[in-house]
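Order of listing sets the numbers, starting from 1, for every ligand and every atom in it. Any value given below was found using the heavy atoms of this structure, including those in side chains, with hydrogens, waters and symmetry copies removed.
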Amino acid sequence: VGLVVVRLRRLLPDPAPVEAADQLAGLALGDRAPPERPFVAVNFVASADGRASFAGRSAPLGGPADRELFHLLRSQADAVLVGAATAARERYGRLVRDPDRRAARERAGLAPDPLALLVTRSGRIPFDIPLFADRDSSVCCFSAVAVPAHPVAARVRIEPLEPYSLAAALRCARGELGVRSVVCEGGPRLLSSLLGEGLVDELFLTLSPRLVGGGDEPPITVGEALPRPTTLGLVWALERDGFLFLRYRREPE
Ligand SMILES: NC(=O)c1ccc[n+]([C@@H]2O[C@H](COP(=O)([O-])OP(=O)(O)OC[C@H]3O[C@@H](n4cnc5c(N)ncnc54)[C@H](OP(=O)(O)O)[C@@H]3O)[C@@H](O)[C@H]2O)c1
């Protein structure tokens with residue numbers, strides 16, 4: 001699936017030339033979900049010096065293959081989870097724009113569009129982004145405080161959670177919205193919180209052949225340190241144009 005064929009070199013586990021769409025096909029993330037929440041895969045790009053953005057945006061670190069893998073991963077999830085401020089900054093719109101990809105989702109038994117899950121403790125929801133203006137999109141916002149409804153074209157559900165936690169949000173997504181797989185697209189604060197609550201199953205990390213050099217650009221995690229390092233297993237490593245596409249899974253404790 002996809003409009004373009006993106007060829008990559010698979011370095012691990014078994015070296016071979018691969019097409020991105022074949023490599024990402026049939027991940028069946030939802031089949032590996034624990035009973036109480038969806039399976040959570042996180043997707044980030046980092047510079048070679050470990051930063052998650054340049055001039056406040058992640059796009060300058062990416063490239064065509066990175067974008068393709070990003071969309072292929074999105075296309076496999078029941079829902080896409082993102083911090084409300086990141087959705088605003090990156091001007092989120094309809095999550096799967098390509099009709100071929102939506103048709104492929106339906107063939108795989110998924111809804112044509114993934115559900116957008118926005119999280120915010122403060123209740124600052126960016127109702128002005130294109131996502132909310134799209135009548136085919138469905139958005140669920142988990143907030144720690146009550147947020148008044150807003151007239152927008154998208155189907156919107158606002159879930160105030162008391163007490164607030166990401167575990168509670170994911171429990172609700174699973175139990176009430178039937179979400180079995182989530183791809184989290186950031187940002188760094190949200191990733192730290194997810195890790196802190198033990199909610200990350202896999203990490204898709206693009207290591208970009210770019211140096212950012214410092215400044216205020218965050219690393220891919222921002223927040224409290226974990227009580228001990230989380231151990232990951234490397235599932236695969238792909239390469240294209242000097243970009244490394246690494247897929248890790250969290251090893252059992
Ligand atoms: N390299 C990448 O792949 C990548 C991906 C995404 C973003 N980024 C970059 O990261 C930067 C943004 O960093 P950031 O750390 O501010 O983004 P972030 O993780 O999205 O955190 C800010 C947003 O997420 C919400 N949030 C965070 N943790 C939460 C939690 N535990 N529960 C509920 N809501 C939570 C915040 O809401 P409240 O403040 O209301 O609580 C706020 O809306 C941007 O420059 C962006 O370009 C990079």
message = Considering Phe70, Tyr164, Phe44, Phe54 one by one, which has a heavy atom nearer to atom 33 (C) of ligand 1 than any of the others?
response = Tyr164
Charged N-O contact under 4.0 Å between Arg37 and Asp201 = yes
inquiry  = If the threshold is 4.0 Å, N to carboxylate O, is there a salt bridge linking Glu36 and Arg174?
reply    = no
inquiry  = When you measure from the side chain of Arg74 to the backbone of Leu95, do you find a donor-acceptor pair of N or O atoms at a distance under 3.5 Å?
reply    = yes
inquiry  = Polar contacts were defined as any N/O atom of the residue lying under 3.5 Å from an N/O atom of the ligand; does this apply to Ala84 and ligand 1?
reply    = yes
query = Side chains of Thr231 and Glu251: donor-acceptor distance under 3.5 Å anywhere?
reply = no
task = Answer yes when Glu68 and Arg101 have at least one side-chain N-carboxylate O distance shorter than 4.0 Å, and no when they do not.
result = yes
Pairing of Glu90 and Arg57 as salt bridge, 4.0 angstrom limit = yes
Distance from atom 19 (O) of ligand 1 to nearest protein heavy atom, with residue and atom = Leu190 N, 2.7 Å
inquiry  = Between ligand 1 and Ser122, is the shortest N or O to N or O distance under 3.5 Å?
reply    = yes
request  = For atom 20 (O) of ligand 1, grab the closest protein heavy atom and report residue, atom and distance to one decimal in Å.
outcome  = Thr86 OG1, 2.6 Å
For atom 24 (O) of ligand 1, closest protein heavy-atom neighbour = Gly83 CA, 3.2 Å
ask   = Do any nitrogen or oxygen atoms of Val45 lie less than 3.5 angstrom from nitrogen or oxygen atoms of ligand 1?
value = yes
Closest candidate by heavy atom, reference atom 44 (C) of ligand 1, pool Arg51, Arg57, Arg89, Arg124 = Arg89
query = Where does Arg121 meet ligand 1, judged by heavy-atom distances below 4.0 Å: at the side chain, the backbone, both, or neither?
reply = both
Ligand 1 contact on Ser58 by region, counting heavy-atom pairs under 4.0 Å = both
task = Compare Ala85, Pro188, Gly186, Ser165 and give the one whose heavy atom is closest to atom 9 (C) of ligand 1.
result = Pro188
Nearest-neighbour protein heavy atom for atom 37 (O) of ligand 1, which is reported as residue plus atom name and distance = Thr120 CA, 3.5 Å
For atom 6 (C) of ligand 1, closest protein heavy-atom neighbour = Glu185 O, 3.1 Å
message = If we set the cut-off at 4.0 Å for heavy atoms, which region of Val222 has an atom near ligand 1: side chain, backbone, both, or neither?
response = neither
inquiry  = Can you report which non-hydrogen protein atom sits closest to atom 25 (C) of ligand 1, along with the distance?
reply    = Val119 O, 3.5 Å
query = Quick one: which of Cys184, Ala52, Pro219, Ala169 has a heavy atom closest to atom 48 (C) of ligand 1?
reply = Ala52
ask   = Backbone or side chain, does any N or O of Gly123 fall under 3.5 Å from an N or O of ligand 1?
value = no
ask   = In this structure, which one of Leu166, Leu117, Leu199 forms a side chain to side chain contact (heavy atoms under 4.5 Å, CB included) with Leu81?
value = Leu117
task = May I ask you to check if ligand 1 and Gly56 share an N or O to N or O distance below 3.5 Å?
result = yes
remark   = In terms of heavy-atom contacts, Ala116 and Leu131 come closest through CB-CD2, 3.8 Å
query = Which one holds for Glu217 and ligand 1: side chain close, backbone close, both close, or neither close, with close meaning a heavy atom under 4.0 Å?
reply = neither
remark   = closest protein heavy atom to atom 47 (O) of ligand 1 is Glu90 OE2, 2.8 Å
query = Under a 4.0 Å N-O cut-off, is there an ion pair linking Glu239 with Arg10?
reply = no
query = Which protein non-hydrogen atom lies closest to atom 15 (O) of ligand 1, naming both residue and atom, and how far is it?
reply = Arg189 N, 2.9 Å
ask   = Between Asp31 and Arg180, is there a side-chain N and carboxylate O pair less than 4.0 Å apart?
value = yes
message = At under 4.0 Å between heavy atoms, is it the side chain or the backbone of Leu166 that contacts ligand 1, or both, or neither?
response = side chain
task = State the atoms of ligand 1, each with its element, that fall below the 4.0 Å cut-off from a heavy-atom position in Ser53.
result = 45 (O)
request  = Say whether, by atom type as modelled, one donor and one acceptor occur between the side chain of Arg240 and the main chain of Arg7 under 3.5 angstrom.
outcome  = yes
Which of the ligand 1 atoms, numbered from 1, are nearer than 4.0 Å to a heavy atom of Ser193 = 28 (N), 30 (C), 31 (N)
key: Glu176 with Arg171: basic N within carboxylate O range, under 4.0 Å   = no
query = Do the side chain of Gln76 and the main chain of Leu27 share a donor and acceptor less than 3.5 angstrom apart?
reply = yes
message = Treating Arg105 as the side-chain partner and Pro112 as the backbone partner, does any N or O pair qualify as donor plus acceptor under 3.5 Å?
response = yes
